[in-house]
Amino acid sequence: MGKVTVLDHPLIKHKLTYIRDKNTGSKEFRELVSELAMLMAYEVTRDLELEEIEIETPIKKMMSPVISGKKLGIVPILRAGLGMVEGMLALLPAAKVGHVGLYRDPETLQAVEYYCKMPQDISERKLIVVDPMLATGVSAIAAINSVKQRGGTNIKLVCLVSVQEGIDAVQEAHPDVDIYVASIDEKLNDHAYIEPGLGDAGDRLFGTK
Ligand SMILES: O=P(O)(O)OC[C@H]1O[C@H](OP(=O)(O)OP(=O)(O)O)[C@H](O)[C@@H]1O
Ligand SMILES: O=c1cc[nH]c(=O)[nH]1
Ligand SMILES: [Mg+2]
């Protein structure tokens with residue numbers, strides 16, 4: 001079973017409070033989501049492999065570590081996942097970006113996929129699927145299915161706000177995927193929105209609705 005990590009660094013908690021606040025407008029919301037993604041990227045990449053290379057300081061030669069091993073890929077789930085890409089790329093500038101476009105049908109709550117474009121060498125990359133919200137888990141499960149169908153094998157899921165129900169669903173469908181969240185909230189409401197949550201992440205990012 002993949003592990004679940006709640007990233008509860010004080011900076012993450014602080015910024016999360018302000019994206020939850022209904023009085024936070026789109027500009028500030030976008031900036032905070034981006035900053036949160038950057039902080040989470042730092043934690044999620046803790047297990048990157050290193051190799052020693054020889055360098056020379058102004059004083060003497062030494063062996064010193066640099067990142068090695070598999071390259072990275074970031075996969076936002078459109079639309080709301082787009083808000084997390086820039087922050088992740090700020091820390092991981094060499095990562096390639098694949099996109100999965102899908103929305104949750106408000107009536108059936110099923111995921112409807114409308115776009116998918118992955119890096120060609122997806123099977124050789126460590127992939128980080130990103131979406132601010134993990135509610136029922138239907139969207140994340142569908143997105144990870146799409147990534148796997150195209151050859152992705154090494155996958156992590158990073159979300160800001162989640163509920164236990166969504167985490168359980170992803171773990172059952174994709175037991176090989178580690179999940180990182182900033183919060184596990186109380187529950188889903190009757191419309192499968194997270195309570196207390198932050199509302200509709202896509203609408204708040206892009207000023208729609
Ligand atoms: O876990 P789930 O129950 O599937 O819900 C979570 C999904 O819902 C939201 O996307 P939405 O369908 O609103 O699309 P959008 O990003 O285009 O707004 C959110 O960004 C997730 O992708
Ligand atoms: O609370 C929720 C649930 C699904 N999608 C959102 O954007 N917010
Ligand atoms: Mg939405």
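Every number for a ligand or one of its atoms is a count from 1 in the order of the listing. The first residue in the sequence is number 1, and the count goes up from there. Quick caveat: nothing in here was measured; it's all calculated off a predicted structure.
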Name, closest N/O/S atom of Asp200 to the Mg ion (ligand 3): OD1

Atom 13 (O) of ligand 1 [closest protein heavy-atom partner, distance rounded to 0.1 Å]: Asp200 OD2, 3.8 Å

Straight-line distance of Asp203 CG to Phe29 CZ, nearest 0.5 Å: 10.0 Å

Donor-acceptor pair between Arg150 and Ser123 side chains, under 3.5 angstrom: no

Residue, atom name and distance, where the atom is the protein heavy atom closest to atom 4 (O) of ligand 1: Ser139 OG, 2.5 Å

Any N or O of Asp131 closer than 3.5 Å to N or O of ligand 1: yes

Sub-4.0 Å protein heavy atom next to atom 19 (C) of ligand 1: yes

Any donor-acceptor N or O pair under 3.5 Å, side chains Asp168, Gln164: yes

Closest approach of any protein heavy atom to atom 7 (O) of ligand 2, naming residue and atom: Ala201 N, 2.9 Å

Protein heavy atom at shortest distance from atom 12 (O) of ligand 1: Arg104 N, 2.7 Å

For atom 2 (P) of ligand 1, the option (of Thr136, Asp105, Leu134) bearing the nearest heavy atom: Thr136

Closest non-hydrogen atom pair between Val181 and Met40, with its separation: C-CE, 3.7 Å

Heavy atom of Arg104, distance to ligand 2 below 4.0 Å: yes

Polar proximity ligand 2 side, Gly202 side, N/O cut 3.5 Å exclusive: no

Contact with ligand 1 for Ala111, non-hydrogen, under 4.0 angstrom: no

Atom 2 (C) of ligand 2: the protein heavy-atom neighbour that sits closest, reported with distance to 0.1 Å: Tyr193 CD2, 3.3 Å

Geometric N/O contact Gly199 with ligand 2, under 3.5 angstrom: yes

Ile194 neighbourhood, listing ligand 2 atoms whose heavy-atom distance to it stays under 4.0 Å: 1 (O), 2 (C)

Whether over 12 other heavy atoms sit under 6.0 Å from Gln120 CD: no

Atoms in ligand 1 with a heavy atom of Leu78 nearer than 4.0 Å: 16 (O)

Residue Gly202 vicinity, atoms of ligand 1 by number, heavy atom under 4.0 Å: 18 (O)

Met133 N/O to ligand 1 N/O under 3.5 Å: no

For Cys116 against Val100, the heavy-atom pair lying closest together: SG-CG2, 4.3 Å

Rounded distance [0.5 Å steps], CG in Leu16 versus NE2 in His9: 14.0 Å

Part of Ala192 with heavy atoms under 4.0 Å of ligand 2, whether side chain, backbone, both or neither: backbone

Neighbour count above 12 (heavy atom, 6.0 Å) for Tyr18 OH: no

Atoms of ligand 1, numbered as shown, that sit under 4.0 Å from any heavy atom of Ala135: 1 (O), 2 (P), 3 (O), 5 (O)

Test item: side-chain donor near acceptor, Glu113 and Ser146, under 3.5 Å: yes

Spacing of Ile12 atom CD1 and Leu7 atom CG [to the nearest 0.5 Å]: 5.0 Å

Protein heavy atom at shortest distance from atom 17 (O) of ligand 1: Arg79 NE, 3.0 Å

Smallest separation among heavy atoms of Val177 and Leu157, with atom names: CG1-N, 3.8 Å

Verdict with reasoning, Glu195 to Lys187, per salt bridge (charged side-chain N to carboxylate O under 4.0 Å, His left out): CA-CA 5 Å; Glu195 273 190 25; Lys187 60 178 178 132; 3.7 Å; yes

Side chain to side chain donor-acceptor pair (under 3.5 Å) between Arg104 and Thr136, intermediate numbers included: CA-CA 10 Å; Arg104 189 179 75 161; Thr136 63; 4.6 Å; no

Atom 10 (O) of ligand 1 touched by protein heavy atom at under 4.0 Å: no

Ala80-ligand 1 polar pair, N/O distance under 3.5 Å: yes

